[in-house]
Amino acid sequence: MSYSLNDWDNAPKSTSTETLGVDRNKNHEDSDEGVLAEKVSVQKKGQNICLVISLILVVLLVIVCVVLSIFLVKEVNKNPQQSKNNENGKQELYCYSPECLQVAAGFAKKMDASIDPCEDFYRHSCASWMKENPIPPSRNMFDTFMELDDQNSRRLRDILEEVDELPDQSAVKKVRLYFESCVNEDNVEKVRNTSLTPSISKYGSWALDNQTWNATQWKWPKVLLTMLRDMSRTPLFEMETDINPRNSSQYMISVRALFSANKIDFY
């Protein structure tokens, strides 16, 4: 069989892959399998990442639990408390430290268990303390706060009267010297003749001195001004410069009474 050139030119031309011997269906199948394999690979990687993160979180949670357990054990050992089961089976904690026992003993000492609390709760709680702490003759009332204040005052006086070798620069030593100068009556009488008596004469004497007192010549405004100039204060009131509470841009002169039956008054 022979073909001429014209027959070749006249033959129908095809661009199909069949002419080239390529199967289209096979190419599509290979492409789908590749995509599917890629998806499976991505899913496995995601699962592996989630698994690693979960393991890390579990490990961190275990570490936190261990640390909290250690702190709990230390706290329990630091504050030892004994537990006791009551009749209902519930567990209650009681403090048996020396401080707790001392406070509890103090409360028990103030109470009177022979009095029914439903009848008189006040006497049930305080009868023993009132019996042991009567009201002093110099007062019209007495309570636990006054009792503590008296205890503090006695303790401070004991400290001031203690004799020990402290340096002169010590604050405690200076306070003790000041306290001794106040309670030394002989020294107070001597100082009075050298400082107080001349001051009384300087400011016009007083009515108790019949020899020098002259009511017609003594002018109290002049005496108060002189005392304020010399000592920066007077025995009746004191003056100072303050900010005006009604106008903070202004200053005012305030006069305050030193002695008053009520609270200190401002005029």
Side-chain angles (χ1 to χ4, degrees), residues 99 102-103 105-106 109-110 126 128-243 252-267:
E99 293 80 8
Q102 184 177 4
V103 173
K109 187 177 180 180
K110 295 178 176 65
C126 307
S128 297
W129 184 87
M130 291 189 299
K131 184 178 180 180
E132 295 178 359
N133 298 275
I135 299 177
S138 59
R139 298 179 178 177
N140 57 5
M141 62 174 295
F142 194 64
D143 56 18
T144 54
F145 294 101
M146 293 180 178
E147 180 187 15
L148 292 175
D149 185 65
D150 290 344
Q151 293 177 2
N152 290 334
S153 298
R154 288 193 294 269
R155 177 55 183 156
L156 288 175
R157 177 153 189 162
D158 291 339
I159 294 175
L160 293 174
E161 292 179 347
E162 289 179 357
V163 178
D164 52 14
E165 298 296 332
L166 292 176
D168 295 338
Q169 296 80 9
S170 173
V172 178
K173 181 65 173 295
K174 294 178 181 179
V175 174
R176 287 176 180 173
L177 292 175
Y178 184 77
F179 175 75
E180 291 175 0
S181 66
C182 293
V183 298
N184 189 347
E185 296 181 359
D186 295 336
N187 188 40
V188 170
E189 292 296 330
K190 294 179 181 179
V191 173
R192 182 195 65 176
N193 297 328
T194 57
S195 60
L196 183 60
T197 303
S199 297
I200 293 175
S201 301
K202 178 179 180 181
Y203 297 115
S205 189
W206 56 1
L208 298 179
D209 186 0
N210 296 327
Q211 297 179 357
T212 58
W213 172 252
N214 189 338
T216 58
Q217 296 180 358
W218 192 84
K219 304 297 182 182
W220 69 267
K222 181 179 179 181
V223 173
L224 290 179
L225 288 174
T226 304
M227 295 179 67
L228 183 63
R229 181 192 61 193
D230 296 343
M231 300 183 293
S232 300
R233 62 187 307 168
T234 67
L236 301 179
F237 59 86
E238 63 181 4
M239 302 174 60
E240 60 183 6
T241 304
D242 200 356
I243 297 177
M252 68 176 187
I253 298 176
S254 63
V255 180
R256 182 175 63 180
L258 293 179
F259 302 98
S260 176
N262 300 320
K263 295 181 179 180
I264 296 178
D265 299 323
F266 287 87
Y267 303 95

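Side-chain atoms are counted along with the backbone in the values below, which use heavy atoms only and exclude waters and symmetry mates.
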With heavy-atom distances below 4.5 Å as the criterion, would you say the side chains of Leu177 and Glu180 are in contact?
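Heavy-atom side-chain distance check passes, below 4.5 Å.
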So Asn187 and Glu189, do their side chains get closer than 4.5 Å, heavy atoms only?
no
Is a donor on one side and an acceptor on the other found under 3.5 Å between the side chain of Thr241 and the backbone of Ile253?
no
Has the side chain of Thr226 got a donor or acceptor atom that lies under 3.5 Å from a matching backbone atom of Lys222?
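Here the side-chain-to-backbone pair exists.
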Spacing of [X] atom [atom1] and [Y] atom [atom2] [to the nearest 0.5 Å]:
X: Asn133; Y: Met146; atom1: CG; atom2: CE; result: 12.5 Å
X: Ile243; Y: Ser254; atom1: CD1; atom2: OG; result: 11.5 Å
X: Ile159; Y: Phe179; atom1: CD1; atom2: CZ; result: 11.5 Å
X: Glu240; Y: Asp242; atom1: CD; atom2: CG; result: 6.0 Å

Give the intermediate values and the outcome of side-chain contact (heavy atoms from CB on, under 4.5 Å) for residues Ser128 and Lys110.
CA-CA 5 Å; Ser128 297; Lys110 295 178 176 65; 5.5 Å; no
List the steps and the verdict of side-chain contact (heavy atoms from CB on, under 4.5 Å) for Val175 and Leu160.
CA-CA 7 Å; Val175 174; Leu160 293 174; 3.4 Å; yes
Do Glu162 and Arg176 sit within salt-bridge range, that is, some charged N less than 4.0 Å from a carboxylate O?
yes
In sequence, state the C-alpha distance, the side-chain angles, and the governing distance for Gln151 and Leu148, and then conclude on side-chain contact (heavy atoms from CB on, under 4.5 Å).
CA-CA 5 Å; Gln151 293 177 2; Leu148 292 175; 3.8 Å; yes
In terms of heavy-atom contacts, Pro134 and Phe142 come closest through O-CD2, 4.3 Å
Taking every non-hydrogen atom, the tightest pair across Lys109 and Glu132
CE-OE1, 3.8 Å
Can you sort out the partners of Glu147 under side chain to side chain donor-acceptor pair (under 3.5 Å), two or more places apart, ordered by chain and number?
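Scan of Glu147 (side chain to side chain donor-acceptor pair (under 3.5 Å), adjacent residues dropped) gives Trp129.
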Sequence neighbours excluded, which residues qualify as side chain to side chain donor-acceptor pair (under 3.5 Å) partners of Asp150?
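For Asp150, the residues satisfying side chain to side chain donor-acceptor pair (under 3.5 Å) (neighbours in sequence not counted) are Arg139.
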